[in-house]
2 protein chains.
Amino acid sequence: MLELRHLRTLNALDETGSISLAAQRVHLTQSAVSHQIKALQEYYQLPIIQRSGHAVQLTDAGKRLVQLAGKILGEVQSAERDLAKISRQAAGSLRIVLECHTCFDWLMPIMDDFRQHWPEVELDLVSGFHSDPVSLLRQQVADVVIGSENKPQQGIIHFPLFRFEILAVLAPGHVLGSKRILEAADFAQDVLITYPVPEERIDLIRQVLMPAGVSWQRRTTELTVAILQLVASRRGIAALPGWGIKNYLDYEYVIARRIGTNGLWSDLYLSVREQDASLRYLRDFLETIDQVCFARLDGIKPLSKKERGKTKREAGKTKGSKKIGQSFSELRMIARYKLL
Amino acid sequence: MLELRHLRTLNALDETGSISLAAQRVHLTQSAVSHQIKALQEYYQLPIIQRSGHAVQLTDAGKRLVQLAGKILGEVQSAERDLAKISRQAAGSLRIVLECHTCFDWLMPIMDDFRQHWPEVELDLVSGFHSDPVSLLRQQVADVVIGSENKPQQGIIHFPLFRFEILAVLAPGHVLGSKRILEAADFAQDVLITYPVPEERIDLIRQVLMPAGVSWQRRTTELTVAILQLVASRRGIAALPGWGIKNYLDYEYVIARRIGTNGLWSDLYLSVREQDASLRYLRDFLETIDQVCFARLDGIKPLSKKERGKTKREAGKTKGSKKIGQSFSELRMIARYKLL
DNA sequence: AGCATATATGAAAATTATTCATGTTTATCT
DNA sequence: AGATAAACATGAATAATTTTCATATATGCT
C-alpha cells in the first residue's frame, strides 16, 4: 500500500538521481530505499526506476509518482502549519546565532520564507561573536545555534544539517593554481584572508595549518564579497564553502582548489534546547533549511548516521520522558520537496 | 509521522461519525482506530476528536486533517489510475452478473463513472438469470459476479461489499402497518410481489417463510418501480432493500416495516476469478463501489471480519504464490473518500 | 440500578520496515 | 586485461510499528 513515506523517498530519489544519496536525504540506508522501491514496483507491477549503467532513472511510472509527491507533500506541510496555528504553537521566538559567517548567504532567503509562514514568531539574528554559542541557548539569549557543535550535552539537541567542502580560493593565474590540490605548506606563501573571528574558529587553521605546524599571515574582513574582492585583486588567498563561491567561479572571478587529498569538510548542525525541540515552527524551520539547502547549495552532502550525535535507535532508548510519537527520527524526518 | 493510512481512517471517521464504524470501513478493529487517533493526537500535541457523550466529533484540527485527506486521497487515486494506464493494465473486460436485481439502482451510476475512467475496458452486464452465477466466471462468460455467494471456492475470490437490511414494503394504511415488526405468518395474508426469479433466490422466502413453514402467494414483475407501484395500489406486499425504497418512503408512497426482531439482512459480495483479483481496473471498480455505496446508500453496514470468506491472516498464509506486496488485505484495502 | 453500546488502553501478537552482511554489476584506474 | 572501487540488490536478522485481544471505563437508555 502506498504511503507518504514512499513519496518522500521517491522525491529524494528524483532530486538526487541516486539511491544512496536519496537514502541519506531521508535518513535511511541505501538498502532500505532499495527495498522500498522494490516493494512499490511489486505493488504496482511496474518498474519505477530504470538502471542505465550505474545511474538510476525514473520511468514514466516513477515520474508520475514523483509528480504525485510534489502535489501531496506540499499540502501536507501546509496542513501541518495550520495545525500548529490551531494549537497556538504558532507564536514564540527564534533567535538565531550563526557560527558560520558564510551561512548568511543561504539563511537569508530561508528567513524570509519563514517569516511569511510564521508571522507570530519573533525572528532574529543574534549578532556578535561568542566563544561558546551553545551557552547562549542556556542563558535564554538565543533559541537556535547554527554551527559545528555536535557533542552531546545535557538539555541540548543537535539536528544535523549538512556537510560541505571548504575550498581554497585563488585569483585566476595565481601560482598555486597550477596545483590540483593544495597542501598545508602552500598556505605559508600568501596572506590568508578570513572573517574576523578567532583562529580556532577557522577550519583551515584549526584542522590543516596548526596540525601541520605551518605558520601563516592573516588579514580579516567582514563580508564574503570583500574577501573575494581581495582574493581577486591578489591580496591573498581564502578558504570558503564551495556553495558560497559558486557564482564567482562560474564567472572566473576567482578559482578554487581542493585542500588536501580528501578535501577539507565541515559539518553543520542546528542546536536547540531540548524543551524546544518539538516546537512546530522550529521543525518547520528545519524542514525548510533542508529543502532549500539540498535543492540550491552545490556539493553539500547529508550527514549520514555515523556523523550524527545520536542514532535513531539510541535516541529511542535514551528518552526518559513518555514517548509521545516524536522519536528523534521523527523530529528529524523531513518532507523534502521543491519549494514552489 | 503522518501517513496516508491515517488520512484514510480520518476520512472514514468523518463520514461515519463513529470510531467503530470507521474501523469497519477501513477494515480494522475499533481498537486500532482508537490507537491511531491517539498516536496522531500525541504526534501533533492536539486533540483531533472531541467526545460529546457517545458521539465523536472532529475538532478543528481534525477537520483540517480531513480536508487534507480530501485533497490528497483523490490525487492518489488518480495517480494510481495513471499507473494502470502506463502498465497497460487499462484494457480488458468487465462483464458483470448481477444476482441482486435491485442493485441496478446503485450500479448504474458507478458504471458510468467507471466507463469514464477506464474507456478501454469493455463494460457489460450479462443479462438473464443463472442458477450458479459463479460458474459463469469459470466459463469466461463473465468477469465479475455481484451477489451473495461467499463460500470459498478454488480459483475464486469473494470481496465483501456490504450488508443491508431487507424491509417489508406495504401500502400506506395497510392493516399490517399497525405492527412495528412483521413475522413470517403475516406474509400469508397478502400476495407477495417479487422479481421473476426462482423462489430460493428470494431471501424472504428462503430465510423466513420456508423455515417457518408459511405458505405464500406470489406475483412477479421485472422492475423495482413496478413492484412499488403494485404495492402502493394494494395488490400485495414486497420485500426490498432499505436503500432501494428510500425515496418512496420519504414521499410516503409506501411504508416499510422490519421483518423479524433483528431484521432480515443480506450480504453482498463481489466475486472474481483469482487471476483477475489484482487487475487495476477491477480494484478501482471495487473502490468506487465502496465509496459510492457507503456515501449514498442508507443503512448499509460494512461486512466485518467475521462475515468474510477469508480473514486477513488466513489469506496471507494460504497464498501459495510468491508474495508480491498484494496481500488480501491490500487488495481489499480501499481509499475511501468522497467522489467529486 | 442494570444493561447495552461506544470508546480507551495495556499487553501480546502480528506485521512491516530497516539494517546488516554480502553478492552482483558496472565503471575506473593502472 | 585485471584489479579496485562505486552503486545497487537481496536474503536473513533485527527492530520498530501496527494491530488485535482482552479488558476497563464511560455514556445513554429503560
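Note on naming: letters A, B, ... go to the chains in the order of the sequence lines (proteins, then strands), and numbering restarts at 1 for each one.
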Please produce a list of atom pairs where a protein N or O lies less than 3.5 Å from an N or O of nucleotides 20-23 of chain C.
from   : atom 1 : to      : atom 2 : distance (Å)
C:dC20 : N4     : A:Ser31 : OG     : 2.6

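With sequence neighbours excluded, the residues satisfying side chain to side chain donor-acceptor pair (under 3.5 Å) with B:Lys179 are B:Asp186. For B:His6, the side-chain contact (heavy atoms from CB on, under 4.5 Å) partners are B:Leu2, B:Glu3, B:Gln36, B:Leu40, not counting sequence neighbours. For A:Arg257, there are no side chain to side chain donor-acceptor pair (under 3.5 Å) partners two or more places apart in sequence or in a different chain. For B:Gln41, the side chain to side chain donor-acceptor pair (under 3.5 Å) criterion is met by no residue, not counting sequence neighbours. Residues that satisfy the side-chain contact (heavy atoms from CB on, under 4.5 Å) test with B:Ser34, not counting sequence neighbours, are B:Gln30. Every residue was checked against the salt bridge (Lys or Arg N to Asp or Glu O under 4.0 Å) condition with B:Asp60, not counting sequence neighbours, and none meets it. Judged as a side chain to side chain donor-acceptor pair (under 3.5 Å), and not counting sequence neighbours, the contacts of B:Arg258 are B:Glu165. Residues satisfying the side-chain contact (heavy atoms from CB on, under 4.5 Å) test with B:Ala84, not counting sequence neighbours, are B:Trp118, B:Arg280.
Each end of the helix from C:dA1-D:dT30 to C:dT30-D:dA1 gets its own rotation axis from five pairs of C1' atoms, and the angle between them is 30° to the nearest 10 degrees.
Contact check for A:Thr59 versus A:Leu46: no side-chain heavy atoms found under the 4.5 Å cut-off.
At D:dC8, one or more side-chain N or O atoms of A:Ser20 fall inside 4.0 Å of OP1 or OP2 (strictly under the cut-off). For the pair A:Gln36 and C:dT18, the criterion of a side-chain N or O lying under 4.0 Å from OP1 or OP2 is met.
Evaluation of the salt bridge (Lys or Arg N to Asp or Glu O under 4.0 Å) test over residues 62-72 of chain A, restricted to residues two or more places apart or in two chains, returns A:Arg64-B:Asp82, A:Lys71-B:Glu75.
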Query raised in the report: If the sugar-phosphate is the primed atoms plus P, OP1 and OP2 and the base is the rest, what is the B/S/- string for nucleotides 25-30 of chain D, using protein heavy atoms under 4.0 Å?
Result: -BBS--
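Listed nucleotides: D:dG11, D:dA9, C:dG10. Nearest to the side chain of A:Ile49: D:dA9.
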